[in-house]
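In what follows, a structure is listed as structure tokens, so that the remarks can point back to it.
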Amino acid sequence: MRFHHDRVPGQDLTFSDVFLVPNRSAVNSRLDVDLSTGDGTGASIPIVAANMTAVSGRRMAETIARCGGLAVIPQDIPVEVVGEVVSWIKERHPVYDTPLVMPPNGIVGEALNLLPKRGHGAVIVVEDGRAVGVVTDADCEGVDRYTQLESIMSRELLTLPAGIAAEEAFDQLHDGRHRLAPVVDEAGRIVGILTRQRALRATLYQPAVDAAGKLRVAAAIGINGDAEQKAKSLLDAGIDVLVIDTAHGHQERMIEVLRLVRALQPDVPIVAGNVVTAEGVTDLVEAGADIVKVGVGPGAMCTTRMQTAVGRPQFSAVLECATRARELGKHVWADGGVRHPRDVALALAAGASSVMIGSWFAGTYESPGDPHRDNDGRIYKESFGMASARAVALRTADDSPFQRARKSFFGEGISTARMYLDPERPSVEDLLDSIVSGIRSSCTYAGATTLAEFHERAIVGIQTAAGYTEGRPVDTSW
Ligand SMILES: NC(=O)C1=CN([C@@H]2O[C@H](COP(=O)(O)OP(=O)(O)OC[C@H]3O[C@@H](n4cnc5c(N)ncnc54)[C@H](OP(=O)(O)O)[C@@H]3O)[C@@H](O)[C@H]2O)C=CC1
Ligand SMILES: Nc1nc2c(ncn2[C@@H]2O[C@H](COP(=O)(O)O)[C@@H](O)[C@H]2O)c(=O)[nH]1
Ligand SMILES: [K+]
């Protein structure tokens, strides 16, 4: 990456301060771009869902991995629960979505609770292991909540044979005017769901899978307590990437924990952070990190900069840290502050191998929270920071009241924020489509077919606030 006209800025910058200049390009199609990360995590797109309780649970993890990214199960989840989550994810189909299933005598109220859990928007009614009907939101409209599904379900059900080619599945769905269909094995048992969109996505995304063809998932630990034992248990549970995460990653306890974990000789990459300086990267890499997580204070739930003045504008932090990591033969993940696909492109241009997204993904069907409606009927989910009073209260539930009170003293995050579901893009897969199409396009504007080439060729300019505003779409006259 170089700065436009080689004007290296004298101050630190964040994503809104910068833009990408187009290059002469020999890349004919955005579909010719390979977005795999090359950082040893096996991800085929450079997106990681952050280790936040309001963001990354089992549904987020399977959905993102199916599109080639990763989710990090947060450190606050008990190890035995993480073990169950990992086994559950490894049992999911790498291409077909997990169906929501109910019996014919199940009631509409329950179906309405299940529907927002998944982007495909349908409950499959199953009897003796076979699909006998399908119920969507529209079928439940104006119907008493205690009505049994068999009296409202649509019985005109297309089923697709397991192993069907994605394009063939799309055509069958399209020709039969079906939005989705259960995929069944030879015995007629449901193995998953294909919507038209998922069939299309199966041709555009490569799932992130392990050597056994199972979906990949990452998990995090903190630096307190018996971090080494916790790391061991997570590795035994079969996680694919281990994240060691704390607010101030450039501290000696982190270095000590990293050394202990590295000594376990895990055969999965170790990610550690967060830092924002080259020195931080050097120390964590020397202690055993394969990937360093970069970002102090850019997160949407984060009050650290207001509380402490500490942090660093994220674009410059990523650039400096990625440069050092590259010199050491290692990688960085850009963590926090991403609100538009352009921010992802800029973090990749600065040299990150992957970009972490938290709050943006909290406002999707697949995040763990329950959907709520505001006074205007808009659907939102609650998000909260991992250093907020709410997260600290959850994390310290087993401590004595005095210990809990002491630990709540240093909150550095928001306890409730409303993350609205975008009616056009309510599922995390919709957001991924938008991000991935954006960065594929950024790569071709730069003349790059891989992320390594993108970083090499990217030309970054610095803009005024007016320059940034000019780039925003205008949806009313002025
Ligand atoms: N990326 C970011 O900008 C930030 C992210 N977070 C996220 O919040 C979650 C909780 O992290 P964290 O608060 O580190 O909790 P942890 O449970 O990981 O504990 C942090 C440990 O570091 C010690 N510590 C020393 N100085 C600091 C400091 N300035 N800030 C925080 N801890 C310090 C703490 O001791 P003691 O409490 O006694 O001081 C404690 O022992 C993580 O997921 C983290 O990523 C939190 C803040 C900033
Ligand atoms: N200072 C704090 N930072 C936090 C907290 N919870 C999470 N985070 C960080 O934010 C990113 C995600 O950023 P986003 O803009 O995509 O939401 C996450 O990975 C953490 O590094 C917090 O309570 N305080
Ligand atoms: K912030």
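The analysis underlying the following values was restricted to heavy atoms, covering all of them including side chains, and did not include hydrogens, waters or symmetry mates. Keep in mind that what you see is a predicted model, and the values were worked out from it rather than measured. When a ligand or atom number is given, it counts from 1 through the structure's own listing order.
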Check against side-chain hydrogen bond (donor to acceptor under 3.5 Å, both in side chains), E453 and T449: CA-CA 7 Å; E453 272 178 29; T449 53; 3.1 Å; yes
Closest protein heavy atom to atom 17 (O) of ligand 2, given as residue, atom name and distance to 0.1 Å: S359 OG, 2.5 Å
Heavy-atom closest pair, residues L432 and C67: CD1-CB, 3.7 Å
Please produce the table of protein N or O atoms sitting under 3.5 Å from N or O atoms belonging to ligand 1, one pair a line, distance to 0.1 Å.
residue: ligand 1; atom: 1 (N); partner: N274; partner atom: ND2; Å: 3.2
residue: ligand 1; atom: 1 (N); partner: G295; partner atom: O; Å: 3.0
residue: ligand 1; atom: 3 (O); partner: G297; partner atom: N; Å: 2.8
residue: ligand 1; atom: 14 (O); partner: T246; partner atom: OG1; Å: 2.6
residue: ligand 1; atom: 14 (O); partner: A247; partner atom: N; Å: 2.8
residue: ligand 1; atom: 18 (O); partner: T246; partner atom: OG1; Å: 3.1
residue: ligand 1; atom: 19 (O); partner: N224; partner atom: ND2; Å: 3.3
residue: ligand 1; atom: 22 (O); partner: Q251; partner atom: NE2; Å: 3.2
residue: ligand 1; atom: 41 (O); partner: N224; partner atom: OD1; Å: 3.0
residue: ligand 1; atom: 41 (O); partner: N224; partner atom: ND2; Å: 3.2
residue: ligand 1; atom: 43 (O); partner: Q75; partner atom: NE2; Å: 3.2
residue: ligand 1; atom: 43 (O); partner: D245; partner atom: OD2; Å: 2.6
residue: ligand 1; atom: 45 (O); partner: D245; partner atom: OD1; Å: 3.0
residue: ligand 1; atom: 45 (O); partner: D245; partner atom: OD2; Å: 2.8

Residue pair E412 / T308, side-chain donor-acceptor N/O under 3.5 Å: no
Winner among R339, R390, M386 once heavy atoms are compared against atom 5 (C) of ligand 2: M386
Numbering as shown, the atoms of ligand 2 that approach N274 to under 4.0 Å (heavy-atom distance): 21 (O)
Salt bridge R404-D399, side-chain N to carboxylate O under 4.0 Å: no
Exercise: do N23 and S25 side chains pair donor with acceptor under 3.5 Å: no
Over-ring placement of R378 relative to Y420, 6.0 Å and 45° cut-offs: yes
Residue, atom name and distance, where the atom is the protein heavy atom closest to atom 16 (O) of ligand 2: G358 N, 2.7 Å
Proximity flag G337 to ligand 2, non-hydrogen atoms under 4.0 Å: yes
Within-cutoff protein neighbour (heavy atom, under 4.0 Å) for atom 8 (N) of ligand 2: no
Between N51 and Q75: side-chain donor-acceptor atoms closer than 3.5 Å: yes
Atom 13 (O) of ligand 2: nearest protein contact (heavy atom, Å): G336 CA, 3.2 Å
Criterion side chain to side chain contact (heavy atoms under 4.5 Å, CB included) on F384 and T53, from CA distance to verdict: CA-CA 8 Å; F384 57 96; T53 310; 3.7 Å; yes
S388, A389, A387: member with heavy atom nearest to atom 22 (C) of ligand 2: A387
D283/R324 under salt bridge (charged side-chain N to carboxylate O under 4.0 Å, His left out): CA gap, chis, key distance, verdict: CA-CA 11 Å; D283 285 348; R324 176 60 58 86; over 6 Å; no
Atoms named by residue and atom, protein N, O or S, within reach of the K ion (ligand 3) (under 3.4 Å): G297 O, G299 O, C302 O
Side-chain donor-acceptor contact under 3.5 Å, Y205 with D433: yes
L264 CG to L235 CG distance, which is reported to the nearest 0.5 Å: 6.5 Å
Minimum-distance protein heavy atom relative to atom 18 (C) of ligand 2: D335 OD1, 3.4 Å
Selected option - heavy-atom contact closest to atom 4 (C) of ligand 2, from G297, C302, G299, P298: C302
Ligand 2 N/O within reach of V338 N/O, cut-off under 3.5 Å: no
Plane angle bin for H248 and H250 - parallel if under 30°, tilted between 30 and 60°, otherwise perpendicular: perpendicular
S367 side chain to K381 side chain, donor-acceptor N/O pair below 3.5 angstrom: yes
Polar contact flag for T304 and ligand 2 (N/O pairs, less than 3.5 Å): yes
Atom 2 (C) of ligand 2 touched by protein heavy atom at under 4.0 Å: yes
No-hydrogen, no-angle side-chain donor-acceptor test under 3.5 Å, T63 and E429: no
For atom 24 (N) of ligand 2, the protein heavy atom that lies nearest, with its residue and separation: E412 O, 2.6 Å
